S.K.: 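First the structure, then my questions, so here it is.
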Amino acid sequence: MTTHTHQTAPTLFVEANGIRFAYRRFGSVDGVPLVFNQHFTGTMDNWDPAVTDGLAEDRPVILFDNAGISSSSGDVPTTSQAMGANAIAFIKALGFNKVDVLGFSLGGFVAQEIVLQAPDLVRRLVLVGTGPRGGAGMSSLTPQAQEIFGASYEKPDHLWLRVHFSPSDAGQAAGRRFLNRLRLRSKDRDPEVNERVAPAQLQAIATWGVPQKSFDYLRAIRQPTLVVSGSNDVIVYTTNSVTLQQNLPNAQLILYPDANHGSLFQYPELFVGHVSMFLSAKDVWVG
């Protein structure tokens with residue numbers, strides 16, 4: 001094991017595709033690396049240490065900022081396809097020839113692109129709070145998301161209490177614990193994203209969400225896939241996770257109760273357990 005954790009891992013840099021990618025690596029020195037792809041306007045410091053450190057016990061964990069995000073150089077692409085191509089270049093620049101990929105929300109679009117564009121690079125796939133191209137309510141931010149992101153908050157990070165957590169007392173209590181965990185890293189934090197990030201990412205979301213005649217493209221993703229969602233995700237509707245599971249050849253689905261978009265943050269121990277079991281399983285489905 002390395003001595004680094006989510007809180008102490010230094011921010012490192014690697015160049016690929018003309019971009020200087022910021023990343024952090026920590027956890028076990030052995031095993032297939034798990035590469036995290038982040039949500040809308042998120043940085044490396046928006047990941048939950050309870051999730052990343054938990055998963056890092058058994059494998060290397062790689063967090064990174066895609067092009068134009070926070071500490072990385074370049075411009076934010078306006079398509080998920082280009083974001084995926086950049087992610088592939090980043091992974092290969094680190095010298096990996098096989099990785100597991102986790103994508104959350106917008107990062108789930110990118111994760112799908114990674115495996116579609118470079119299928120031999122990906123062993124297993126974890127898709128959280130995300131959906132397929134042309135999924136339900138995905139051509140723009142959902143009405144609930146528009147209201148949440150457009151509201152004012154006493155503290156800026158209180159936004160995430162409504163984005164990620166259910167409105168129940170238990171959900172909001174879990175959200176406050178999550179915010180406390182996010183604030184633990186005090187040194188070498190990622191800067192907040194600049195004003196150019198959200199418009200570019202919204203354009204990518206809109207392009208991804210254009211209604212499709214079918215979800216046949218998902219048949220090309222043969223890797224074992226774990227799909228995870230909250231029971232009432234109002235940011236990327238829960239039905240989209242069901243659509244993923246029904247159309248991916250080798251997918252299983254977990255829905256967490258009384259949970260919104262950030263189900264992995266509301267139930268971090270449960271999520272770590274489920275993902276660890278999935279990534280460590282010896283049996284591979286045949287589709």
Side-chain angles (χ1 to χ4, degrees), residues 6 34-56 61 63 100-112 124-132 135-138 141-145 147-149 157-182 205 224-246 248 251-279:
H6 182 107
L34 177 60
V35 180
F36 284 65
N37 293 267
Q38 186 58 291
H39 63 67
F40 176 68
T41 70
T43 74
M44 289 187 285
D45 286 319
N46 287 108
W47 290 112
D48 186 344
V51 168
T52 57
D53 282 335
L55 289 170
V61 159
L63 312 181
D100 293 327
V101 173
L102 184 152
F104 175 36
S105 195
L106 171 60
F109 309 168
V110 178
Q112 292 173 61
R124 296 194 178 197
L125 184 62
V126 181
L127 299 175
V128 188
T130 193
M138 293 181 63
L141 294 181
T142 66
Q144 297 95 323
E147 188 276 322
I148 289 169
F149 280 105
D157 62 3
H158 285 185
L159 162 71
W160 303 116
L161 293 177
R162 296 192 62 201
V163 170
H164 290 323
F165 297 90
S166 73
S168 70
D169 289 345
Q172 290 299 294
R176 289 189 291 273
R177 292 192 294 272
F178 163 76
L179 290 183
N180 288 336
R181 295 193 297 270
L182 286 192
I205 291 169
T225 303
L226 177 64
V227 182
V228 178
S229 178
S231 59
N232 186 30
D233 188 338
V234 301
I235 307 298
V236 178
Y237 292 142
T238 302
T239 186
N240 289 301
S241 290
V242 177
T243 299
L244 285 171
Q245 192 279 327
Q246 290 290 296
L248 287 162
Q252 57 180 299
L253 172 65
I254 297 175
L255 299 180
Y256 290 131
D258 182 35
N260 184 18
H261 192 51
S263 59
L264 72 169
F265 305 145
Q266 186 162 337
Y267 297 96
E269 294 84 4
L270 194 59
F271 179 78
V272 166
H274 284 148
V275 173
S276 295
M277 185 186 305
F278 166 73
L279 294 179

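Because the structure is predicted, anything quoted here is derived from the model rather than measured. For the single chain, residues carry numbers from 1 onward in sequence order.
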S.K.: Evaluate the side-chain proximity of Val228 to Leu264: yes if any heavy-atom separation is below 4.5 Å, no if none is.
M.R.: no

S.K.: Could you check Ile235 against Val163 for side chain to side chain contact (heavy atoms under 4.5 Å, CB included), going step by step and ending with a plain yes or no?
M.R.: CA-CA 7 Å; Ile235 307 298; Val163 170; 4.2 Å; yes

S.K.: Examine distances only and state if a side-chain atom of Thr142 and a backbone atom of Val234 form a donor-acceptor pair shorter than 3.5 Å.
M.R.: yes

S.K.: With respect to Asp48, which candidate in His6, His164, Gln266, Arg181 satisfies the side-chain hydrogen bond (donor to acceptor under 3.5 Å, both in side chains) definition?
M.R.: Arg181

S.K.: Only one of Phe165, Tyr267, Phe265 clears ring-ring contact (aromatic ring centres under 6.0 Å, His included) with Tyr256; which?
M.R.: Tyr267

S.K.: Answer yes or no: is there a donor N or O on one side and an acceptor on the other, between the side chain of Ser166 and the main chain of Asn260, under 3.5 Å?
M.R.: no

S.K.: Give a yes or no answer on whether the side chain of Tyr237 reaches the backbone of Met138 with a donor-acceptor pair at less than 3.5 Å.
M.R.: no

S.K.: How close do Gln252 and Phe278 get, counting heavy atoms only, and between which atoms?
M.R.: NE2-CD1, 3.7 Å

S.K.: For Phe271 and Val126, work out which heavy atoms get closest and say how close.
M.R.: CZ-CG1, 4.4 Å

S.K.: Does the ring centre of Phe178 sit less than 6.0 Å away from the ring centre of Trp160?
M.R.: no

S.K.: With ring centroids as reference points, do His261 and Phe40 lie under 6.0 angstrom apart?
M.R.: no

S.K.: Using 30° and 60° as the class boundaries, would you call the ring planes of Trp47 and Phe104 parallel, tilted or perpendicular?
M.R.: tilted

S.K.: Can you measure from OG (Ser229) to CG (Leu253) and round to the nearest 0.5 angstrom?
M.R.: 7.5 Å

S.K.: Could you go through Leu127 and Leu248, starting from their C-alpha distance and side-chain angles, then the distance that decides it, and tell me whether this counts as side chain to side chain contact (heavy atoms under 4.5 Å, CB included)?
M.R.: CA-CA 11 Å; Leu127 299 175; Leu248 287 162; 4.2 Å; yes

S.K.: Considering only heavy atoms from C-beta outward, does the side chain of Ile205 approach that of Leu106 to under 4.5 Å?
M.R.: yes

S.K.: Report yes if some heavy atom in the side chain of Ser263 is under 4.5 Å from a heavy atom in the side chain of Asp233; otherwise report no.
M.R.: no

S.K.: If I compare all heavy atoms of Ala111 with all of Leu125, which pair ends up nearest, and what's the gap?
M.R.: CB-CD1, 3.9 Å

S.K.: Mark yes or no for whether Gln172, through its side chain, and Leu161, through its backbone, hold a donor-acceptor pair below 3.5 Å.
M.R.: yes

S.K.: Is there side-chain contact between Asp157 and Leu182, with heavy atoms separated by less than 4.5 Å?
M.R.: no

S.K.: Identify the heavy atoms of Leu55 and Val61 that sit nearest to each other, and give their distance.
M.R.: C-CG2, 4.1 Å

S.K.: Please round to the nearest 0.5 Å and tell me the distance separating atom CG of Asp100 and atom CG of Leu226.
M.R.: 11.5 Å

S.K.: Answer yes or no: does atom CG of Asn180 have more than 12 heavy-atom neighbours from other residues, nucleotides or ligands under 6.0 Å?
M.R.: yes

S.K.: Would you compute the distance between atom CG of Asn232 and atom CG of Leu255 and round it to the nearest 0.5 angstrom?
M.R.: 11.0 Å

S.K.: Are the side chains of Leu244 and Gln112 in touch, meaning some heavy atoms are under 4.5 Å apart?
M.R.: yes

S.K.: Val272 and Ala50: which non-hydrogen atoms are nearest, and at how many Å?
M.R.: CG2-O, 3.7 Å

S.K.: From Thr41 OG1 over to Asn46 CG, what is the distance, rounded to the nearest 0.5 angstrom?
M.R.: 7.0 Å

S.K.: Would you say that Asn240 contacts Thr130 through its side chain, given a criterion of any heavy-atom pair below 4.5 Å between the two side chains?
M.R.: no

